[in-house]
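Since we're looking at a predicted model, the values are computed, not measured.
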Amino acid sequence: KFLKGSPSIRCPDINKIKEYSAKIDEIDELKEILKKSHQGTVPLINYYKLVPNNSIGLQMYNNDSFTILITGVGKKNVNKTLKEYLKKSKNIEEANFINIGIAGGVKGNCKIGEMFFINKVFDDYLEVDYNIKTGNRPNILENRVTTVFEPILNNGQEREGLVDMEAYEICSVLSDFNQLDKVTIIKIVSDFMDSDTKYLSSNQIQKLIEKKMFDIDIFLKDNSKLYK
């Protein structure tokens with residue numbers, strides 16, 4: 001029986017239920033948008049149980065230890081979004097920056113799904129390059145990466161190392177803010193820069209990163225100073 005006036009029984013507030021339901025729907029909608037546009041971040045968000053955060057007007061996901069900033073693809077998007085983040089965020093001096101993403105590799109020099117810590121970053125059209133500290137960690141593979149404006153589809157002929165579309169711009173912006181010494185760049189080989197590259201699906205990208213989440217997590221736990 002439900003006794004009227006019983007102190008242990010409370011009728012649920014329908015307005016509160018609607019409010020919470022709306023928030024859940026909003027989170028689910030954001031996750032679906034993320035899955036379609038930034039598939040590479042989904043494994044990280046799921047693994048660390050990150051939640052949406054737009055407190056400074058940027059698309060972010062975070063928990064008590066990590067913040068993922070969605071910059072978009074290409075130099076212009078990275079430049080604009082990362083600069084805005086650095087200007088608006090508090091305690092930047094205590095932060096460390098980790099770029100985890102995919103890159104094209106030269107067939108015969110690497111394998112699909114292989115993970116590298118980047119020690120040197122180049123740009124296809126600029127003379128300045130950046131040296132990245134990898135900490136001389138044991139049992140890790142190091143490589144260089146060149147940032148390009150458009151995907152390379154000629155098998156990476158006459159290229160050294162890996163190719164991506166954002167690492168150089170990340171380094172350039174962080175250098176302008178005197179934060180370059182706090183960046184770690186991790187790249188997972190997704191293709192061999194051939195005609196198949198343009199057919200690389202978001203699901204394939206997600207699976208490549210999911211397979212490396214255990215290694216990524218070990219790296220982060222062994223280097224707790226990188227935690228934000």
Side-chain angles (χ1 to χ4, degrees), residues 30 34 38 40-103 115-123 126-138 140-147 162 164-188 209 212-213 215-228:
L30 286 169
L34 184 74
H38 300 286
T41 61
V42 173
L44 293 160
I45 289 170
N46 291 340
Y47 193 93
Y48 293 109
K49 297 179 173 58
L50 308 183
V51 297
N53 178 352
N54 63 349
S55 59
I56 58 174
L58 296 173
Q59 190 177 359
M60 301 185 300
Y61 293 77
N62 71 349
N63 60 17
D64 292 337
S65 300
F66 302 102
T67 294
I68 284 184
L69 173 67
I70 307 299
T71 62
V73 179
K75 297 180 182 180
K76 289 184 178 180
N77 288 324
V78 170
N79 184 287
K80 177 183 177 181
T81 306
L82 185 53
K83 281 184 176 178
E84 188 173 351
Y85 175 78
L86 292 169
K87 290 175 181 177
K88 290 183 176 181
S89 293
K90 299 177 180 178
N91 303 320
I92 284 298
E93 294 303 321
E94 300 175 7
N96 288 275
F97 304 91
I98 306 169
N99 171 233
I100 300 173
I102 59 171
M115 186 172 77
F116 293 93
F117 284 74
I118 301 304
N119 54 24
K120 204 172 186 72
V121 182
F122 299 85
D123 184 277
L126 302 175
E127 295 182 359
V128 177
D129 54 65
Y130 296 101
N131 293 308
I132 307 298
K133 297 178 182 178
T134 60
N136 296 317
R137 300 178 179 90
I140 68 167
L141 298 174
E142 296 184 4
N143 212 328
R144 54 186 279 174
V145 68
T146 300
T147 296
L162 309 177
D164 85 331
M165 298 186 69
E166 71 276 338
Y168 189 90
E169 199 62 31
I170 290 171
C171 291
S172 178
V173 173
L174 291 178
S175 178
D176 290 343
F177 283 78
N178 297 315
Q179 302 291 318
L180 184 61
D181 61 332
K182 300 193 296 182
V183 66
T184 298
I185 299 177
I186 300 173
K187 294 295 176 182
I188 298 169
I209 296 178
K212 290 298 179 182
M213 277 308 307
D215 295 328
I216 290 170
D217 187 52
I218 288 177
F219 163 74
L220 294 178
K221 286 179 178 177
D222 287 346
N223 296 270
S224 57
K225 64 181 181 180
L226 295 177
Y227 286 14
K228 288 179 63 177

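Using a 4.5 Å heavy-atom threshold, the side chains of V51 and N53 count as separate. V121 places a side-chain heavy atom less than 4.5 Å from the side chain of I132. Looking only at side-chain heavy atoms (C-beta outward), F219 and I186 come within less than 4.5 Å of each other. With a 4.5 Å cut-off on side-chain heavy atoms, L162 and F116 count as touching. Residues P43 and K212 have side chains not in contact (no heavy-atom distance under 4.5 Å, counting atoms from C-beta outward). K49 is not listed as a side-chain neighbour of N63, based on a closest heavy-atom distance of 4.5 Å or more.
For the atom pair OG of S89 and CD of E94, the computed distance is 12.0 Å after rounding to the nearest 0.5 Å. Atom CD1 of I68 is separated from atom CG of N62 by 9.5 Å, given to the nearest 0.5 angstrom. K133 NZ to I185 CD1: the interatomic distance, rounded to the nearest 0.5 Å, is 14.0 Å. Atom CD1 of I98 and atom CG of L220 lie 5.0 Å apart (nearest 0.5 Å). Taken from NZ in K120 to CG in N143, the straight-line distance is 13.0 Å, to the nearest 0.5 Å. The distance from atom CG of L58 to atom CG of L82, rounded to the nearest 0.5 Å, is 10.0 Å.
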Output side-chain donor-acceptor pairs under 3.5 Å for residues 165-179, partner residues at least two apart or in another chain, one line each.
{"unit_1": "E166", "atom_1": "OE2", "unit_2": "K187", "atom_2": "NZ", "d": "2.5"}
{"unit_1": "Y168", "atom_1": "OH", "unit_2": "V128", "atom_2": "O", "d": "2.7"}
{"unit_1": "E169", "atom_1": "OE2", "unit_2": "N79", "atom_2": "ND2", "d": "2.7"}
{"unit_1": "Q179", "atom_1": "OE1", "unit_2": "K182", "atom_2": "NZ", "d": "2.7"}
{"unit_1": "Q179", "atom_1": "NE2", "unit_2": "E93", "atom_2": "OE2", "d": "3.4"}
{"unit_1": "Q179", "atom_1": "NE2", "unit_2": "F177", "atom_2": "O", "d": "3.4"}

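Test T146, N99, T147 against D164 for side chain to side chain donor-acceptor pair (under 3.5 Å) and you get one pass: T147.
Here the shortest heavy-atom pairing between I92 and L86 reads CG1-O, 3.9 Å.
Using the six-membered ring where Trp is involved, Y48 and F66 have ring planes that are tilted, between 30° and 60° apart.
In K80, the NZ atom is not crowded: 12 or fewer heavy atoms of neighbouring residues, nucleotides or ligands sit closer than 6.0 Å.
A salt bridge links D123 with K75: the distance from a Lys NZ or Arg NE/NH1/NH2 to an Asp or Glu carboxylate oxygen falls below 4.0 Å.
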